[in-house]
Amino acid sequence: MPPDLRLGYLVFEARRPARWGSFCQHMLGLPSPLANADGSLGWQVDDASQRLIVREGPADDLAALGFECADEAALERLLARLRQGRVAVEAADAASREARRVQRLHHCTDPAGNTIELFTGLAPAAQPFASAAFPAGFRTGDLGLGHAVLVSSELEAMEAFYALLGFGVTERLATRVGPMDIRGVFMHCNQRHHSIALFDMPLARRIHHFMLQAERLIDIGIAFERAQRHKVPLSLALGQHPDPDGTFSFYGATPSGFDFEIGAGTQTIDPAGWQPQHTDVTSAWGHKPSLRLQLRMAAGLIARKVSGAPRRAKELA
């Protein structure tokens with residue numbers, strides 16, 4: 001049986017959508033995007049019509065997370081659970097369903113203000129996915145589209161919300177990076193180690209990074225060299241996350257300033273009876289931070305201390 005829920009797509013708002021076009025083509029190696037009725041652009045990552053969606057706007061940030069329900073019954077169960085938990089849920093209009101290329105679409109908001117879109121029936125792509133940069137493609141299917149790491153100082157409220165959606169805790173993180181104490185929680189909704197992670201960090205944006213999982217390890221090294229060739233700002237060099245995740249990856253900056261991660265070799269988990277684990281490390285080896293990342297985090301930490309409030313500080317772009 002397929003899982004009831006999986007990360008289906010991500011929607012970003014960008015001041016310069018044309019830069020995203022170049023980024024998706026040259027860095028991610030994705031086919032030309034679809035033009036949606038609402039003016040957004042949608043990029044194919046697998047056999048679905050669109051997985052990464054970019055609309056023009058001032059935020060340069062995450063605009064929405066789309067979660068795909070296995071079927072109509074799974075969607076109805078989820079809607080009932082949300083309403084029972086006193087979460088306001090609304091059905092989307094026909095124009096929104098057309099722009100997202102789905103059959104059913106409902107939306108609500110998480111405690112950090114992120115728009116959550118629950119859907120069924122994502123239209124298939126008109127042609128098979130093909131990429132010279134990633135010849136074997138990306139691992140999606142029942143695992144969904146990689147993962148997204150969200151930034152919030154309200155970790156407990158966010159965890160409770162995503163638990164209501166049907167997520168379980170995979171791991172809890174408590175660590176120190178330089179002068180910063182970082183807390184986080186990794187959450188799963190299927191066999192993927194985490195489809196969502198929640199981090200309390202001194203960043204202004206709603207999202208820290210999104211991750212795409214390639215099928216082949218060799219493509220990660222090739223992508224790392226491609227990022228350097230195209231002068232993509234890097235955040236973390238090649239490295240590997242510890243078990244039970246095990247992802248071999250690197251991180252760089254998107255045209256909107258938040259990060260992307262390209263990885264492979266990610267391990268799966270068995271959600272049935274999974275017991276949350278605890279860790280104080282984010283990498284088993286590598287993932288050396290760039291000077292750009294160190295300066296950005298230092299600026300955010302200083303701004304948070306100056307403000308004297310537990311709110312996300314303005315990030316150095």
Side-chain angles (χ1 to χ4, degrees), residues 2-14 17 20-21 24 30-59 61-110 112-129 138 140-148 150 161-162 164-167 189-190 195-196 206-207 210 212:
D4 279 353
L5 198 66
R6 56 193 175 190
L7 181 61
Y9 57 73
L10 295 168
V11 185
F12 305 121
E13 185 174 292
W20 270 87
C24 288
L30 304 182
S32 297
L34 296 171
N36 292 314
D38 65 349
S40 65
L41 299 174
W43 277 270
Q44 180 186 359
V45 168
D46 54 9
D47 59 357
S49 56
Q50 55 182 359
R51 295 293 195 185
L52 300 179
I53 303 169
V54 175
R55 72 186 192 201
E56 187 171 4
D61 204 348
L62 179 70
L65 304 100
F67 292 102
E68 183 174 14
C69 298
D71 50 34
E72 297 286 324
L75 175 57
E76 290 297 338
R77 288 194 299 270
L78 180 51
L79 293 176
R81 193 161 65 242
L82 288 169
R83 287 166 179 149
Q84 187 175 13
R86 297 185 178 180
V87 175
V89 185
E90 297 182 1
D93 58 23
S96 297
R97 294 195 303 272
E98 180 183 2
R100 296 290 188 263
R101 299 176 186 263
V102 299
Q103 293 178 0
R104 288 191 62 188
L105 182 64
H106 289 71
H107 55 85
C108 59
T109 305
D110 75 12
N114 298 302
T115 297
I116 306 300
E117 300 184 351
L118 309 170
F119 70 89
T120 59
L122 179 60
Q127 62 283 318
F129 178 76
F138 297 97
T140 56
D142 286 347
L143 298 178
L145 172 68
H147 67 242
L150 308 180
F161 174 84
Y162 284 95
L164 192 61
L165 279 186
F167 282 77
C189 57
N190 49 56
S195 295
I196 290 292
R206 299 178 185 275
I207 185 170
F210 71 91
L212 296 179

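When reading the values below, keep in mind they use all heavy atoms of this one structure, side chains included, and skip hydrogens, waters and symmetry mates.
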Exercise for the section: Using a strict 4.0 Å threshold on nitrogen-to-oxygen distance, state whether R77 and D4 make a salt bridge. Expected result: yes
Handout entry: Carboxylate-amine/guanidinium contact E76 R104, below 4.0 Å
Key =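 So E76 pairs with R104 through a salt bridge.
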Determine whether a donor-acceptor pair (N or O, by modelled atom type, separation under 3.5 Å) exists between the side chain of [X] and the backbone of [Y].
X	Y	result
Q50	A99	yes
D110	G113	yes
E72	T120	no
D38	S40	yes
R55	V11	no

[X] and [Y]: which non-hydrogen atoms are nearest, and at how many Å?
X	Y	result
P17	E56	CG-CB, 3.7 Å
C189	P3	O-CB, 4.1 Å
A148	I207	CB-CD1, 4.4 Å
E13	A59	OE2-N, 2.9 Å

Look up atom [atom1] in [X] and atom [atom2] in [Y], then write down how far apart they are to the nearest 0.5 Å.
X	Y	atom1	atom2	value
L65	L10	CG	CG	5.5 Å
T109	I116	OG1	CD1	7.5 Å
L118	L105	CG	CG	8.0 Å
L164	C108	CG	SG	9.0 Å
R101	L34	CZ	CG	4.5 Å
H147	L7	NE2	CG	10.0 Å

Hey, does [Y] have a side-chain heavy atom less than 4.5 Å from the side chain of [X]?
X	Y	answer
L30	F138	yes
L5	N190	no
F167	S195	yes
L165	I196	no

Practice task
Evaluate the side-chain contact (heavy atoms from CB on, under 4.5 Å) criterion for residues Y162 and L150: first the C-alpha distance (whole Å), next the side-chain angles of each, then the deciding distance (0.1 Å), finally the verdict.
Solution key: CA-CA 12 Å; Y162 284 95; L150 308 180; 3.4 Å; yes
Exercise for the section: Please state whether the rings of F12 and W20 are parallel, tilted or perpendicular, taking 30° and 60° as the class boundaries. Expected result: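 Judged by the thresholds at 30° and 60°, the geometry between F12 and W20 is parallel.
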Exercise for the section: State which residues pass salt bridge (charged side-chain N to carboxylate O under 4.0 Å, His left out) with D46; sequence neighbours excluded, sorted by chain then number. Expected result: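 Scan of D46 (salt bridge (charged side-chain N to carboxylate O under 4.0 Å, His left out), adjacent residues dropped) gives R51.
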For [X], enumerate each residue passing the side chain to side chain donor-acceptor pair (under 3.5 Å) test, keeping only those at least two apart in sequence or located in another chain.
X	answer
E98	none
R6	E68, D142
S49	none
W43	none

Problem - Summary of side-chain hydrogen bond (donor to acceptor under 3.5 Å, both in side chains) pairs that have at least one residue in residues 80-93, sequence neighbours excluded - result: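 Passing the test, one end in residues 80-93: D93-S96.
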Practice task
Could you give me the CA-CA distance, side-chain angles and deciding distance for R100 and F119, then say whether side-chain contact (heavy atoms from CB on, under 4.5 Å) is met?
Solution key: CA-CA 9 Å; R100 296 290 188 263; F119 70 89; over 6 Å; no
Practice task
Test side-chain contact (heavy atoms from CB on, under 4.5 Å) on L52 and L145 and set out the steps.
Solution key: CA-CA 9 Å; L52 300 179; L145 172 68; 4.1 Å; yes
